Amino acid sequence: MDLSQFTQAFFVEAIELLAEMEQLLLDLDVEAPDGEQLNAIFRAAHSIKGGAATFGFTALTHTTHVLETLLDRARHGQLHLSAPMIDAFLETKDALQEQLTAYQAGKEPDAERVAHICGVLQQLAMENNAAAAPVPPPAPAPAPVVQAAAPADEGSSGDGVLVVRFARLSDSECDLLAGELANLGTVLTRTRSNDQLTVRLATTCDPDDIVAVCCFVIDESQIDITREVADVAPPVVAVAEPVVPPPAAPTPASAAAASAPASAKESSSIRVDVEKVDQLINLVGELVITQSMLTQAATVLDPVAYERFLSGLGHLERNARDLQESVMSIRMMPMDYVFSRFPRVIRDVSAKLGKQVRLDTYGKETELDKGLIERIVDPLTHLVRNSLDHGIEAPEVRLAKGKDATGQLLLSAQHHGGNIVIEVSDDGAGLNRERILDKARQQGLPVNDAMPDEEVWQLIFAPGFSTAEQVTDISGRGVGMDVVKRNIQEMGGHVEIHSRGGQGTSTRIVLPLTLAILNGMSVRVGSEAYILPLSYVIESLQPLPEHLHSITADGHVIRVRGEYLPLIELHRVFDVAGAQTQPTQGILVIVQADDSRFALLVDELLGQHQVVVKNLETNYRKVPGISAATIVGDGSVAFIVDVGAMPRIQRAQAASAAALAGAARRTDALAS
């Protein structure tokens with residue numbers, strides 16, 4: 001049997017089990033551990049071991065075997081848990097993650113790393129054994145004499161013998177399952193009849209664990225497990241008290257009933273390759289474009305003569321929109337996928353810094369496109385580590401300020417219009433305005449004491465900027481915040497910072513919900529059509545002459561409700577011929593990007609609609625000022641404007657024009 005077709009499913013499930021194991025370990029109360037949590041951690045390790053053994057991943061099998069041995073003792077109360085032991089378990093989780101990554105890449109894991117982590121676990125077991133060495137007990141009082149029942153078979157464990165039956169098996173499946181059961185205990189007998197296999201197994205494993213492991217080979221419906229009753233005389237008990245019988249072994253029917261909710265939950269979802277989902281989204285996008293073309297072509301038809309056709313076209317448009325939204329929702333994932341990573345980060349970093357931090361999360365169920373949710377992890381990690389290092393104070397400092405010794409870090413996510421707003425907040429010391437300005441002056445940045453706080457906070461995003469007094473492995477090199485801003489901008493979003501001295505800092509990331517579709521405003525510049533992302537647009541207006549003010553020969557600002565905004569002429573940025581050059585004869589679209597507002601001069605507003613985003617760099621090349629492209633209703637290509645890049649492009653063009661003018665003046669002076 002070729003198992004390679006199942007390896008990817010194993011990797012996906014193993015990664016999920018490791019994430020679940022980490023979360024359970026972080027939530028575990030060392031002083032009073034919850035039995036269900038310990039059982040769940042054990043089952044996760046055991047399931048990974050079973051799958052690893054099936055696929056021949058030796059290092060992974062060995063490591064999880066050592067880990068589950070400790071976990072098994074812990075859940076049976078034979079092992080005293082401690083904080084260093086939880087640290088070792090978390091380190092083992094990281095090592096298992098590395099091993100999975102190596103096997104996914106078709107490589108063997110680092111043997112030294114495997115030996116190290118197994119040695120750590122074995123040392124823990126030895127230390128615990130030494131600590132738990134029993135003191136010779138006092139002479140026991142006379143007790144009732146109990147003649148214990150003989151074991152059912154040699155080699156059976158304290159949990160007895162399980163009878164595992166499999167139905168509808170091939171020869172290869174029989175061999176695989178028998179070998180797998182040998183990893184879970186001692187195979188006492190093995191009987192094959194037609195396409196059925198019966199195995200008597202002495203094991204300490206729960207039936208649910210055995211089912212979980214065997215499901216890597218066959219379906220759960222093919223498995224039936226019962227507990228065997230020992231075929232020996234009952235124990236003779238020399239006591240007068242009544243004997244309380246042990247709980248009855250679960251019947252196959254009751255076991256099936258107990259597992260029904262889990263099976264129902266599992267059957268309510270399916271695993272689908274992301275590439276298939278992306279292909280489906282692309283096809284729906286093409287369908288929406290085709291529908292737009294039909295709608296555009298139908299505008300010349302007589303509404304009376306073609307009433308039924310136009311009515312059907314309207315239904316098609318509504319259904320296409322619903323279909324597009326439904327398909328897009330398949331790629332949406334809850335923010336809990338991101339937030340669940342940070343309890344471990346906060347635990348490790350705060351311990352290293354000697355700080356006490358409590359993490360609160362809000363809006364974990366808020367959904368974001370899978371492509372964006374994977375790219376937001378690194379920026380959020382930078383922000384969280386900055387809050388821990390620079391923001392939240394040490395316990396003694398907080399107590400001196402009248403604060404709680406434990407700092408609070410809040411991660412929140414919520415929908416706001418067509419965007420998602422992700423916030424990282426702390427109740428720490430806040431940003432130091434004077435220190436930031438001093439550092440900016442040292443780096444030669446253009447600053448002044450009259451700058452508003454919002455502009456001062458944006459200075460920390462400058463490349464190489466850091467106010468840390470010393471470089472550590474957590475921060476201080478000045479390579480984090482500029483990466484955060486650049487990554488967010490590449491995702492079509494922006495970053496906002498709000499801070500108050502002594503009260504904390506809040507960093508807000510505003511992102512579009514998805515990069516596959518876009519709510520846009522179509523504008524005309526000359527004979528060209530452009531799309532402005534609607535999330536940037538504030539308003540549009542036609543200015544009066546008294547509202548315009550010249551600052552250079554070609555530079556203007558527009559006064560809007562007492563605020564002076566830079567004016568950027570799109571026809572100059574993209575060198576479009578035949579466009580309107582007089583601002584009072586065109587339309588000004590007021591936009592906001594990166595906490596700054598400015599006006600874009602266009603000829604005409606064409607309308608608002610959803611557009612299907614096509615990657616221009618993949619299909620053509622990168623064009624300055626253009627983030628992507630789309631196909632509009634008449635079949636032509638319209639460019640989506642990179643609004644955030646407009647001020648930079650205008651400054652670069654102005655500097656280039658000034659340099660050319662200076663060169664021309666020098667040439668004229670030499671000629672004269």
Side-chain angles (χ1 to χ4, degrees), residues 10-30 33-104 108-132 157 159 180-185 203-206 208-210 212-213 216 343-344 347-348:
F10 164 70
F11 288 137
V12 171
E13 186 157 352
I15 290 170
E16 291 178 354
L17 288 170
L18 285 178
E20 178 187 356
M21 182 192 302
E22 180 180 78
Q23 189 61 52
L24 288 168
L25 286 169
L26 291 172
D27 294 340
L28 196 64
D29 184 352
V30 176
D34 181 81
E36 285 302 317
Q37 286 182 310
L38 287 173
N39 283 331
I41 297 169
F42 171 82
R43 285 195 297 269
H46 189 71
S47 297
I48 295 173
K49 187 193 85 168
T54 300
F55 295 108
F57 299 148
T58 308
L60 192 60
T61 305
H62 180 58
T63 308
T64 47
H65 175 71
V66 179
L67 174 63
E68 75 163 348
T69 301
L70 281 171
L71 292 172
D72 190 41
R73 292 175 57 191
R75 69 182 184 140
H76 287 108
Q78 302 167 0
L79 192 72
H80 178 67
L81 292 175
S82 63
M85 190 173 293
I86 298 298
D87 291 339
F89 289 163
L90 289 170
E91 184 184 356
T92 306
K93 178 264 174 187
D94 294 339
L96 294 174
Q97 189 85 48
E98 293 171 6
Q99 293 174 23
L100 278 172
T101 302
Y103 283 124
Q104 277 186 295
E108 281 294 319
D110 183 354
E112 291 185 4
R113 173 74 167 148
V114 174
H116 165 74
I117 197 63
C118 290
V120 169
L121 294 174
Q122 290 164 350
Q123 182 65 27
L124 277 176
M126 292 172 60
E127 292 174 356
N128 197 270
N129 288 340
S157 67
D159 281 3
E180 186 56 47
L181 292 178
N183 292 325
L184 305 178
T203 180
T204 61
C205 296
D206 294 331
D208 289 345
D209 298 331
I210 295 176
V213 172
F216 281 108
R344 174 73 184 281
R347 180 183 189 274
D348 293 347

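Only a predicted model underlies this, so the values are computations on that prediction, with no experimental measurement involved.
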Practice prompt. Among residues two or more places apart or on two chains, list those pairs meeting side-chain hydrogen bond (donor to acceptor under 3.5 Å, both in side chains) that have a residue in residues 33-44.
Written response: Asn39-Arg75
Practice prompt. Can you see which heavy atom on Thr61 is nearest to which on Thr64, and at what distance?
Written response: O-OG1, 3.1 Å
Item to complete: Using a 4.5 Å cut-off on heavy atoms from C-beta on, say whether the side chain of Asp87 contacts that of Arg347.
Response: yes
Fill in: Phe11-Phe57 aromatic ring centre distance below 6.0 Å
yes
Worksheet entry | Those residues that, when tested against Phe89, pass ring-ring contact (aromatic ring centres under 6.0 Å, His included) (two or more places apart) | none
Worksheet, complete the sentence: d(Glu22 CD, Leu96 CG) to nearest 0.5 Å is 11.5 Å
Worksheet item: How many angstroms lie between atom CG of Leu24 and atom CZ of Phe42, to the nearest 0.5 angstrom?
Response: 14.5 Å
Worksheet entry | side-chain contact (heavy atoms from CB on, under 4.5 Å) assessment of Leu38 paired with Leu28 | CA-CA 8 Å; Leu38 287 173; Leu28 196 64; 3.9 Å; yes
Worksheet item: Looking at Ala14 and Ile48, what are the two nearest heavy atoms and their distance?
Response: O-CD1, 4.0 Å
Worksheet item: Going from CD on Glu112 to CD1 on Ile117, what distance comes out if it is rounded to the nearest 0.5 angstrom?
Response: 14.0 Å
Worksheet item: Looking at Val30 and Pro33, what are the two nearest heavy atoms and their distance?
Response: O-CD, 3.5 Å
Response to the item:
So CG of Leu67 and NE2 of His62: to nearest 0.5 Å the spacing works out to 11.5 Å
Worksheet item: How long is the span from the CD1 atom in Ile41 to the CG atom in Leu17, to the nearest 0.5 Å?
Response: 12.5 Å
Discussion item. The test is side-chain contact (heavy atoms from CB on, under 4.5 Å); show your working for Leu26 and Leu90 and say whether it passes.
Written reply: CA-CA 9 Å; Leu26 291 172; Leu90 289 170; 4.0 Å; yes
Practice prompt. State, yes or no, whether a side-chain contact exists between Asp110 and Glu98 at a heavy-atom distance under 4.5 Å.
Written response: no
Discussion item. Using side-chain contact (heavy atoms from CB on, under 4.5 Å), reason through Ile15 and Gln104 one step at a time and then give a plain yes or no.
Written reply: CA-CA 11 Å; Ile15 290 170; Gln104 277 186 295; 4.1 Å; yes
Worksheet entry | Those residues that, when tested against Glu108, pass salt bridge (charged side-chain N to carboxylate O under 4.0 Å, His left out) (two or more places apart) | none
Worksheet item: How far apart are the C-alpha atoms of Leu70 and Met85, what are their side-chain angles, what is the distance that settles it, and do they pass the side-chain contact (heavy atoms from CB on, under 4.5 Å) test?
Response: CA-CA 10 Å; Leu70 281 171; Met85 190 173 293; 5.8 Å; no
Response to the item:
One should read off an interatomic distance between Glu16 CD and Ser47 OG, to the nearest 0.5 angstrom, of 12.0 Å
Worksheet, complete the sentence: Correct closest heavy-atom pair for Glu68 and Ala45 would be CB-CB, 4.3 Å
